[in-house]
Amino acid sequence: MSEIHLKSLAHSYDKTASGSQVYALREMNHVWEQGGAYALLGPSGCGKSTLLNIISGLLTPSSGEVRFDGKVVNHLSPQERNIAQVFQFPVIYDSMTVFDNLAFPLRNMKMAEAKVISRVHDIANILELHPLLKRKARNLTADEKQKVSMGRGLVRDDVSAILFDEPLTVIDPQLKWKLRRKLKQIHEQFELTMIYVTHDQLEASTFADKIAVMYDGKIVQFGTPRELFENPKHTFVGYFIGSPGMNLFSVQRTEGGVRFADVSIPLETSKQKLLDDLPQTNIKIGIRPEFIHVWNKPTTDAFECQVQHIEDLGTYKILTLTLGEHTIKARLGEDHLPPEQVAYISFPEQWLKLYVDEYLVEDTMLDSDITITHGEQSITQKHISTEVNRHA
Ligand code: ADP
Ligand code: MG
């Protein structure tokens, strides 16, 4: 088991072009700690498989380093890196029995046969493959083949890490849920470093303790499911996580706040100060449907909206509202009587997020300094005003 460190890593499949290369992975620095259960979550084409194949050694990065426990492994083959990888589609030997397929990686490393037998039985138990052990792999269903493929990835306990690339794609939904729980169980039992690639947020959050959200060749946030939900560091995380995703609006600066359409939104002084320090014009505000306050009657600081649609999802409702020309989604608990034609909404300060050039603008306390975080830049200010201090 290893800590995996990606240092100034970038990749372009296009070897000929210079200058205007298309990057499948933009320069990134990232650490996967030893023994963690991680998910790499993002839409199709964002670079997940590219990143995984670079870690396993199937692909050589255009620049940067892959380090296992501090040692550069760029020049090592997948075998030498000692990584197990499970792919989207089964990789098994059709002519071998299920038992021999599972035993293959162990026999390959010259493990004593008695130990091979015991290990294969352990894995077969966990994945419920016992009834199939004597069958030839070619006679299995697609589900069963993929389970064997996963078993081959999981059977060795000496690997540096196990990488899963959307392994449940061909598995039916019922079994999917069960296998995800099993993987989690295997992680807890063996404390292996596991990186699980998926485009499904539910799959990511049931498996992983920490999720790396990938967008356009970059990891835009690395955090617990809760952190991604409560404090999206990038508009894409807001949009992609949650159902429905975060409400995001392009806004203009005004005196004391921001404005969209004819709605003025005041900002707390600390946020206003942070915004004043950034010259960019691409400014957005974001708030999750769950955090919007909805009233049926006018209330101080609430905006009047038209109710377009109410979707009843049993334990909660999703309201579709219009504010000026903008559509807003708000989530209502089952004990809340839904408004009829008009609703009044407000945005609690704590949950109203400010984005400049798609990255969250926030202030965080570090001892007596305040670090203003914006994307990968951070500016540490000493002797900051008590105003910012109070809100930090
Ligand atoms: P994901 O696994 O997130 O769907 P990939 O890593 O497969 O994304 O792809 C990232 C980008 O790299 C995409 O734009 C894809 O078209 C491109 N790409 C992937 N594999 C190759 C390849 N072998 N040659 C050229 N471009 C590729
Ligand atoms: Mg892929």
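Numbering of ligands and ligand atoms starts at 1, following listing order.
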Kindly indicate whether atom 16 (O) of ligand 1 is approached by any protein heavy atom to under 4.0 angstrom.
-> no
What residue and heavy atom of the protein are closest to atom 8 (O) of ligand 1, and at what distance?
-> Gly47 N, 3.2 Å
Within 6.0 angstrom of Arg181 CZ, more than 12 heavy atoms from elsewhere | no
Looking just at side-chain N and O atoms, do Ser56 and Gln85 make a donor-acceptor pair shorter than 3.5 Å?
-> yes
For atom 6 (O) of ligand 1, closest protein heavy-atom neighbour | Thr50 OG1, 2.5 Å
Aromatic ring centroids of His130 and His121 under 6.0 Å?
-> yes
Considering the heavy atoms of Pro43, write down every atom of ligand 1 situated less than 4.0 Å from one of them.
-> 3 (O)
List the closest protein heavy-atom neighbour of atom 11 (C) of ligand 1: residue, atom name, distance to the nearest 0.1 Å.
-> Gly45 O, 3.7 Å
Report yes or no: does Gln88 have an N/O/S atom closer than 2.8 Å to the Mg ion (ligand 2)?
-> no
Tested for side-chain hydrogen bond (donor to acceptor under 3.5 Å, both in side chains) against Thr206, the lone hit among Gln201, Arg180, Lys184 is Arg180
Please report which non-hydrogen protein atom sits nearest to atom 23 (N) of ligand 1, along with the residue it belongs to and the distance in Å to one decimal place.
-> Tyr13 CE2, 3.7 Å
Within 6.0 Å of CH2 in Trp351, more than 12 heavy atoms from elsewhere = yes
Show which atoms of ligand 1 fall inside a sub-4.0 Å distance from at least one heavy-atom site of Ala24.
-> 11 (C), 12 (O)
Gly217 heavy atom under 4.0 Å from ligand 1 = no
For atom 7 (O) of ligand 1, grab the closest protein heavy atom and report residue, atom and distance to one decimal in Å.
-> Ser49 CB, 3.9 Å
Transitive ILVMFWY side-chain link Leu175 to Leu129, under 4.5 Å = yes
Shared ILVMFWY cluster between Phe87 and Ile54, side chains joined below 4.5 angstrom?
-> no
